[in-house]
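Proteins come first, then strands; the chains are lettered A, B, ... in the order of their sequence lines, and each starts at number 1. Note that this is a predicted model, so its numbers are computed, not measured.
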Amino acid sequence: MSTYTAIKGFKDILPDEAPLWRRLEEAAREVARRYDFQELRPPMAERTEVFARGIGQATDIVEKEMYTFVDKGEERITLRPEATAGLVRAVLEHHLAAGGRVARLFCLGPMFRYERPQKGRLRQFHQLDVEIFGDPGPEVDAELLALLTSFLKEIGLGDLTINLNSLGCPQCRPGYRELLVKFFTARQEDLCPDCRRRLHLNPLRIIDCKSEGCRRAVEGAPKILEHLCADCAGHFETLKGLLDTLGLRYVVNPNLVRGLDYYTRTAFEVISNDLGAQSAVAGGGRYDGLCRELGGEDIPGIGFAAGLERLVMLLREKGAADPPGPDYYLAVLHESARLAAFRLAENLRARGLRVAADWTPGSLKSRLKRADKSGAAKVIMLGEDELARGQATVRDLASHEQSDLDLGPFLR
RNA sequence: GUGGGUGUAGCUCAGUUGGUCAGAGCGCCAGGUUGUGGCCCUGGAGGCCGGGGGUUCGACCCCCCUCACUCACCCCA
């Protein structure tokens with residue numbers, strides 16, 4: 001055990017995993033491009049206010065999970081716990097969705113939440129965040145879900161399904177909320193202590209509770225989908241129709257609730273059974289009131305976030321292919337050949353070839369062994385004899401065929 | 001914040017009621033065999049047994065305290 005370790009909940013992405021991450025990021029960018037989204041890279045930190053108001057004072061994230069500090073200018077600053085609030089701030093600040101314009105944006109990067117780490121949950125974690133600002137219609141909802149589906153398919157997780165629900169709007173949700181409170185008040189004894197507290201704070205969350213008693217109680221509870229106002233119901237029906245037209249796979253789950261306060265109407269989630277307790281891979285929804293909440297115009301929005309470490313976990317379970325090795329493994333077999341080998345390596349690299357050079361002392365046997373493990377296609381052996389002949393020996397590790405490489409052009 | 005589990009070699013892990021219990025496999029290094037590497041054989045290097053305190057003639061083992069990792073609750077991606 002070395003003296004220093006990475007801090008709790010912060011992890012090194014090691015070289016053997018990095019290629020997988022790169023693949024995910026490349027796939028995300030490519031899919032975003034196809035759907036005509038542009039990258040916006042907001043800063044890693046914002047004024048605390050932005051997240052507190054955007055995400056909701058009463059949420060766990062804001063109450064106890066934010067990395068907040070006071071900087072030297074006495075400013076209260078928070079490391080972003082999610083991307084949406086910062087993107088909203090940027091969209092408003094730079095008028096990206098002003099005057100009826102539509103902004104289609106994505107963002108890829110680390111988020112920070114002070115939580116107790118466990119499987120699939122870190123303090124620094126990474127998300128792909130995709131958002132559409134300025135279009136209230138169900139078409140963009142469908143587009144966003146299509147993008148998410150394409151992304152999952154692109155990275156090889158096409159078997160995952162999207163859970164879909166509508167959470168209503170300020171017109172219809174209060175009425176439904178009252179119905180729920182009435183319903184659960186009559187069944188308080190069945191609820192877990194947490195949910196008894198939620199009863200008046202945030203009754204929608206009870207629907208999402210996993211404890212036995214609550215689940216049973218929820219079964220007979222009124223469904224939000226049956227209490228949507230005409231507009232919300234119409235929006236949801238149109239959306240489903242569009243998804244059907246596209247042939248997208250989804251499941252309507254009337255018990256789906258989202259943890260953040262700002263969601264309205266469309267809400268969705270992708271979960272996997274292969275991740276342990278932290279099963280949500282991606283989640284999002286519409287947030288038509290968020291921009292106004294942050295002091296801007298009344299700009300509608302919809303977006304989702306996907307957790308990259310969870311996607312990486314799923315892909316690793318499927319067994320990721322080993323990345324290819326270098327083109328050449330350069331084995332220096334004698335001290336006298338060191339300088340020539342050095343120039344040869346640099347020369348090959350200048351020609352665009354990937355060359356692994358091994359300067360450590362060792363036998364031919366060990367050099368070949370290492371070359372084999374490196375995954376290199378060929379070994380270049382350079383020792384006393386080769387130097388005298390002016391020709392290095394090149395051995396193909398797969399076919400065992402050997403040939404000579406004239407050193408002349410490389411050493412001039 | 002609340003529970004449970006685990007900390008022994010670079011990695012994965014054994015280790016009897018406390019008395020050669022400092023070990024194995026893999027990896028690494030050297031040698032042998034082989035067609036100059038993959039299989040096989042021989043040898044070698046590597047550990048304050050997470051850290052601190054206590055009990056004891058004696059602690060990897062028992063007790064206390066700490067730290068780290070991990071899983072779960074909670075919440076979320």
Determine whether a donor-acceptor pair (N or O, by modelled atom type, separation under 3.5 Å) exists between the side chain of A:Arg187 and the backbone of A:Phe183. yes
A:Glu297 backbone acceptor or donor facing A:Arg292 side chain under 3.5 Å: no
Using the six-membered ring wherever Trp is involved, compare the ring planes of A:Phe342 and A:Trp359 and label them parallel, tilted or perpendicular (cut-offs 30° and 60°). tilted
Record whether the side chain of A:Arg310 comes under 3.5 Å of the base of B:C76 through a donor-acceptor pair of N or O atoms. yes
How many Å lie between CD on A:Gln118 and C1' on B:C76, as a whole number? 10 Å
B:G44 pairs with, by Watson-Crick or G-U criteria that keep both distances under 3.5 Å: B:C28
Are the side chain of A:Ser374 and the backbone N or O of A:Ala376 linked by a donor-acceptor pair below 3.5 Å? yes
Quick one: are the ring centres of A:Phe106 and A:Phe37 less than 6.0 Å apart? no
Strictly below 4.0 Å: does A:Arg370 bring a side-chain N or O up to OP1 or OP2 of B:C29? yes
Can you check whether A:Arg395 has a side-chain N or O nearer than 4.0 Å to OP1 or OP2 of B:G35? no
Indicate, yes or no, whether a donor-acceptor pair under 3.5 Å links the base of B:U70 to the side chain of A:Lys8. no
For B:C69, the Watson-Crick or wobble counterpart (both distances under 3.5 Å): B:G5
To the nearest angstrom, how far is A:Leu308 atom CG from B:A77 atom P? 13 Å
Using a cut-off of 4.0 Å on non-hydrogen atoms, how would the nucleic acid contact of A:Ala371 be classed: base, sugar-phosphate, or nothing? nothing
Whole-Å C1' distance, B:C49 and B:G44: 22 Å
Rounded interatomic separation in angstrom, taking NZ from A:Lys119 and P from B:C69: 18 Å
Identify whether any heavy atom of A:Gly276 sits under 4.0 Å from a base atom; if not, whether one sits that close to sugar-phosphate; answer base, sugar-phosphate or nothing. sugar-phosphate
Using the C1' atoms only, state how far B:U16 lies from B:A22, rounded to an integer number of Å. 15 Å
Take the protein atom CG of A:Leu364 and the nucleotide atom P of B:A30, then report the distance between them rounded to whole Å. 11 Å
How many whole angstroms separate atom CG of A:Leu128 from atom C1' of B:A77? 11 Å
Is B:G46 in the syn range, within 90° of 0, or in the anti range? syn
Rounded to the Å, how far apart are A:Asp358 CG and B:G37 P? 17 Å
Could you check whether A:Gln278 gets within reach of a base, just the sugar-phosphate, or nothing at all, counting any heavy atom under 4.0 Å? base
Atom pair distance, as rounded to whole Å: NZ in A:Lys373 and P in B:G10: 18 Å
Without decimals, in angstroms, what is the distance between A:Leu275 CG and B:A72 P? 10 Å
Touch class at under 4.0 angstrom, heavy-atom based, for A:Lys369 against every strand present: sugar-phosphate
